[in-house]
Amino acid sequence: MIQIAIMGFGTVGTGVAKVVAENARQIERKLGEPLQVKAILIRHFKDGPYRQLMTDDFKKIEEDGDIRVVVETIGGVEAAYAYTKRALAAGKHVVTANKQLVAEHGFELLSLARKKKVNYLFEASVGGGIPILHPLTQCMAANRIDEVYGILNGTSNYILTRMVRTGAFFSDALREAQAKGYAEADPTADVEGLDAGRKICILADLAFGRQVRPEDVPMEGIAKLSLRDVKIAQRAGYRIKLLGRAVRLPGGGRTAYVAPHFIPEENPMAGVEDVFNAIMVRGNATGDVMFYGRGAGELPTASACVADVMEALQSSPRREEIGWDEDSSGFEDPQDLETRYYFRIEGSLTDAAMAFGQVEVLSEDGETAFLTDPITGHDAVRQSHSLNVLACMRVLD
Ligand code: HSE
């Protein structure tokens, strides 16, 4: 019998216990032994079938030599960081879905895991149930990764889909996403782009092999997005999606950012709806490879956690290819990247043309919505300086 502990018992933690119980036969067949949840760390005990496993004393997990893997689903940094360090120091593998902790302290925690000859695995931290970190670091290991971009926040994508399909108000769609267990405890992280930002940092760390610090990555979410732009995009053959994007630059540097984008509807990203996420990885040998699936929710995220538990137990001694260099130099301003831009201005086509030269008009009715030729983010700011800008976002071509 292999015993594990779960720290935190919200949406993901509960899902982990369910997957371990419901898929017990398949898991045992693959591990050669049954897997059992021995303890659940939780501050406020909940009634139900797991009540007798609950404890609020981390020492009971830390000092229990029978517990070989700890699944951290507390979220946030403070307690999760402290307990993860102590669990690794006690020689236990740690598995997590906590993107904030991995993005901010992943290098240190991986170093501690290496020192203690255990695994720190976090497949569930990006893309929920979609296998992405394993393919990126294993199946595509022979590539130089040139770009990774994707729809990385299920809550934002759910809200955008509801706005397009039913004209739902932002706040109603957000409430639905919360009720379905997609949103973070504080949903500002979802709608302000921070959650997608943490995920693109982890993808960039692994893709480029160097630390990308969250504080260097500009993150803009969908909170200020207007239904008007959603409709203009749709009528012009585009969809608005929140993308995280990490790019290797020609000079050897790299950059990353999160922002809403206009995406042509023929791009497969445009058809990714509801809570689904999609991630495109461009390798210099493979070309574009796309990953798609449920990016949030109880069972998809738990599936990735439990698979990591199984892998932690089977990898002997540990997964060396999961890691990156602490050196964060060479990170450049994403405003240097050139793309077409969408603008909606209070003004006429003449105003738009005076600022940007030739533009493609999408709508004109007192306000003017248009697309520019490819320009850098710096040019987009400089050239629109004299305009009354109501909305501005990049186009993904
Ligand atoms: N709040 C996150 C999302 C959960 O909506 O994508 C999965 O990381």
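In listed order, ligands and their atoms are each counted from 1. Hydrogens, waters and symmetry mates play no part in the numbers below; they use all other heavy atoms, side chains included.
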Asks: Counting both backbone and side chain atoms, is some N or O of Tyr182 under 3.5 Å from an N or O of ligand 1?
Replies: yes
Asks: Tyr81 and Glu108: side-chain donor and acceptor closer than 3.5 Å?
Replies: yes
Asks: Do Ile322 and Ile145 land in one hydrophobic cluster if side-chain heavy atoms of ILVMFWY residues count as linked below 4.5 Å?
Replies: yes
Asks: Can you label the angle between the Phe262 ring and the Tyr238 ring as parallel, tilted or perpendicular, going by 30° and 60°?
Replies: tilted
Asks: Checking a contact table here: which protein heavy atom is nearest atom 2 (C) of ligand 1, and how many Å away?
Replies: Glu184 OE2, 3.2 Å
Asks: Answer with yes or no whether Gly295 contacts ligand 1, where contact means a heavy atom under 4.0 Å from a ligand atom.
Replies: yes
Asks: Less than 3.5 Å apart, any donor N or O on the side chain of Gln211 or Glu326 sitting next to an acceptor on the other?
Replies: no
Asks: Using distance alone, decide if ligand 1 has a nitrogen or oxygen within less than 3.5 Å of any nitrogen or oxygen in Lys199.
Replies: yes
Asks: For Val275, which part has a heavy atom under 4.0 Å from ligand 1: side chain, backbone, both, or neither?
Replies: neither
Asks: Name the closest protein heavy atom to atom 6 (O) of ligand 1, giving the residue it belongs to and the distance to 0.1 Å.
Replies: Gly154 N, 2.7 Å
Asks: Which residue and atom name correspond to the protein heavy atom nearest atom 8 (O) of ligand 1, and how close is it?
Replies: Lys99 NZ, 2.6 Å
Asks: Looking only at N/O atoms, are Ala296 and ligand 1 under 3.5 Å apart anywhere?
Replies: no
Asks: Could you measure the distance from the CD1 atom of Ile159 to the CG atom of Asp274? Nearest 0.5 Å is fine.
Replies: 12.0 Å
Asks: Enumerate the atoms of ligand 1 whose separation from the nearest heavy atom of Asp190 is less than 4.0 angstrom.
Replies: 1 (N), 2 (C), 3 (C), 5 (O)
Asks: Salt-bridge test for Asp327 and Arg210: reply yes if a basic N is under 4.0 Å from a carboxylate O, no otherwise.
Replies: yes
Asks: Centre-to-centre under 6.0 Å for Phe370 and Phe356, is that the case here?
Replies: yes
Asks: Please state which protein non-hydrogen atom is closest to atom 5 (O) of ligand 1 and give its distance, to 0.1 Å?
Replies: Thr155 OG1, 2.6 Å
